[in-house]
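Single-structure report; data block below.
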Amino acid sequence: MADTREGTTLFSPYQMGKFSLSHRVVLAPMTRCRALNGIPTAALTEYYTQRSTPGGFLITEGTMISPTSAGFPHVPGIYSEEQVEAWKKVVGAVHAKGSIIFCQLWHVGRASHGVYQPGGAAPISSTSKAISNRWRILMPDGTHATYPEPRPLKTSEIPEVVEHYRCAALNAIRAGFDGIEIHGAHGYLIDQFLKDGINDRTDEYGGSLENRCRFLLQIVQAVATSIGADRVAVRMSPAIDHLDATDSDPLNLGLAVIERLNKLQLNLGEKLTYLHVTQPRYTAYGQTESGRHGSEDEEAQLMRTLRRAYQGTFMCSGGYTRELGVQAVSDGDADLVSYGRLFISNPDLVLRLKLNAPLTRYNRRTFYTHDPVVGYTDYPFLSKPSGTKEQLSRL
Ligand SMILES: Cc1cc2nc3c(=O)[nH]c(=O)nc-3n(C[C@H](O)[C@H](O)[C@H](O)COP(=O)(O)O)c2cc1C
């Protein structure tokens, strides 16, 4: 719940449901393409433990719930025994450093390509509309291609996809994760159902807000009743149009999801762990969004309205600097702040933010490459800086 007590800062402890956090700086979920052929490797253990702090909270990169869910090379999965066993090592090492870790469950839907699909099939979605040529998919050989036409899921197929989320969540718990985050953001499968700029269905999963929210809510319900609502979180980005995920009324879409999550929590008699909302000022391409989003003030207002409506822990993300994070928490606009790009290049980000120390600049070119070290685990710690003065300049 809102914690607006005077003196609360980004570095104050926070009780996130049953998890006692020692600070509010969270590792945002980030695809890094280092899990060769879908299996977490020792490099992931190193990467996540580098970013662990006692009482800290980490969210993994988007993790495939099923063989049809990938749209990037070398992203990890959580649907096979081999993957579960491999994740155990990562989670065990993070726990040994005192951090709490959730696995982000991901299905990219139409943001995929035949090369990532079993038998080269068309990717699944809510629609048959392809992502426009404005966007390109990263191919396994490092080149970029246009997105193909997806295959709209038949109504009768949807329960099977919900079941994939449920099984993936159970697998995550077996792997030792403290909980899971359902990736309902950024234009991927769930967002392809939520947004009226994509969803053109005429069945009970399309049209009204009630119908567009149905897929997400069925997933949350299925997962929460299997592993406990207090281990389940949801991520959404109602105002972000990444991969053409536009909506005619982002605020009311966000409020519609929240209203239903609040109701579900009441019915279950238990709160979800948190709601994670990405703010539009973030874009993976380092530019502004397509121009549909509003001013900084309007965006902040949207986040505040969503924050006030949600009856539970609220995490914000998207372009947060130290100052903005400190302000969001002390103003009561968020309980937790997730940091993405700054955490890529600053494994000890929590310490650096606390000390207001200089930050290392991130190198965008190695975000999605596959080297187990370069651009992944070779960013310097404060105590042994190896960066140049320029790299270490204050961001
Ligand atoms: C390299 C990279 C990969 C990302 N992968 C994911 C992902 O797998 N799942 C997700 O929900 N968000 C993903 N994001 C978005 C981040 O979680 C975060 O919301 C975004 O980077 C904005 O935060 P920042 O401004 O602190 O970087 C990714 C961002 C980056 C830069």
Side-chain angles (χ1 to χ4, degrees), residues 10 24-35 38 40 44 47-48 51 57-65 69-78 102-109 111-112 137-138 180-191 194 216 233-240 242-243 245 274-289 293 296 299 303 315-326 328 334 336-346 349-350 352-353 359-370 375-376 379 395:
L10 195 53
R24 294 145 186 259
V25 179
V26 175
L27 173 67
M30 279 181 295
T31 296
R32 303 304 314 278
C33 302
R34 264 76 173 186
L44 273 77
Y47 173 79
Y48 285 108
R51 285 154 186 80
F57 182 51
L58 314 182
I59 309 164
T60 70
E61 60 213 275
T63 299
M64 297 181 285
I65 60 156
S69 54
F72 277 83
H74 303 300
V75 292
I78 187 84
F102 272 32
C103 181
Q104 191 189 49
L105 301 188
W106 193 26
H107 195 305
V108 300
S112 186
I137 184 166
L138 175 63
I180 61 96
E181 179 181 284
I182 295 166
H183 190 347
H186 307 163
Y188 297 108
L189 183 61
I190 294 172
D191 213 18
L194 290 174
L216 169 63
V234 171
R235 186 171 215 198
M236 68 170 175
S237 58
I240 288 189
H242 185 235
L243 301 174
Y274 60 87
L275 174 67
H276 191 179
V277 181
T278 328
Q279 188 159 339
R281 67 173 166 236
Y282 156 69
T283 159
Y285 296 86
Q287 303 143 359
T288 56
E289 295 285 326
H293 70 108
E296 283 274 316
E299 287 174 13
M303 292 293 277
M315 186 188 301
C316 62
S317 178
Y320 281 83
T321 55
R322 179 182 192 277
E323 290 67 28
L324 287 171
V326 165
L336 304 165
V337 181
S338 81
Y339 287 87
R341 292 162 290 183
L342 294 180
F343 231 140
I344 286 181
S345 53
N346 296 277
L349 183 67
V350 180
R352 290 188 193 230
L353 293 183
L359 297 173
T360 305
R361 219 169 266 284
Y362 48 80
N363 178 3
R364 206 173 279 284
R365 284 192 305 256
T366 50
F367 277 179
Y368 302 112
T369 46
H370 315 310
Y376 192 52
Y379 283 107
L395 293 177

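Counting convention: from 1, in listed order, for ligands and their atoms alike. Every value quoted in this text rests on a predicted model; they were computed, and no experiment measured them.
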Classify the contact between P29 and ligand 1 as side chain, backbone, both or neither, using a heavy-atom distance cut-off of under 4.0 Å.
->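 Both parts.
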
Numbering as shown, the atoms of ligand 1 that approach [X] to under 4.0 Å (heavy-atom distance):
{"X": "F367", "value": "1 (C), 31 (C)"}
{"X": "Y339", "value": "26 (O)"}
{"X": "A28", "value": "17 (O)"}
{"X": "G62", "value": "8 (O)"}
{"X": "T278", "value": "19 (O)"}

Check if [X] has a non-hydrogen atom at a distance under 4.0 Å from any atom of ligand 1.
{"X": "Y368", "value": "yes"}
{"X": "A185", "value": "no"}
{"X": "L342", "value": "no"}

Test item: L243 and Y188 side chains (from C-beta on) under 4.5 Å apart, heavy atoms =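 They are in contact (side-chain heavy atoms under 4.5 Å apart), so the answer is yes.
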
How about F367 and Y362: are their ring centres within less than 6.0 Å of each other?
->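 Under 6.0 Å, so yes.
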
Kindly give the heavy-atom pair with the smallest separation between G62 and V75, and that separation in Å.
->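 Closest approach of G62 to V75: O-CB, 4.4 Å.
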
Looking only at atom types and distance, does a side-chain atom of T366 sit under 3.5 Å from a main-chain N or O of T369, one as donor and one as acceptor?
->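 Looks like no, no N/O pair under 3.5 Å.
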
For atom 19 (O) of ligand 1, state which one of R364, H186, R235, M30 supplies the nearest heavy atom.
->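 Nearest option to atom 19 (O) of ligand 1, by heavy atoms: R235.
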
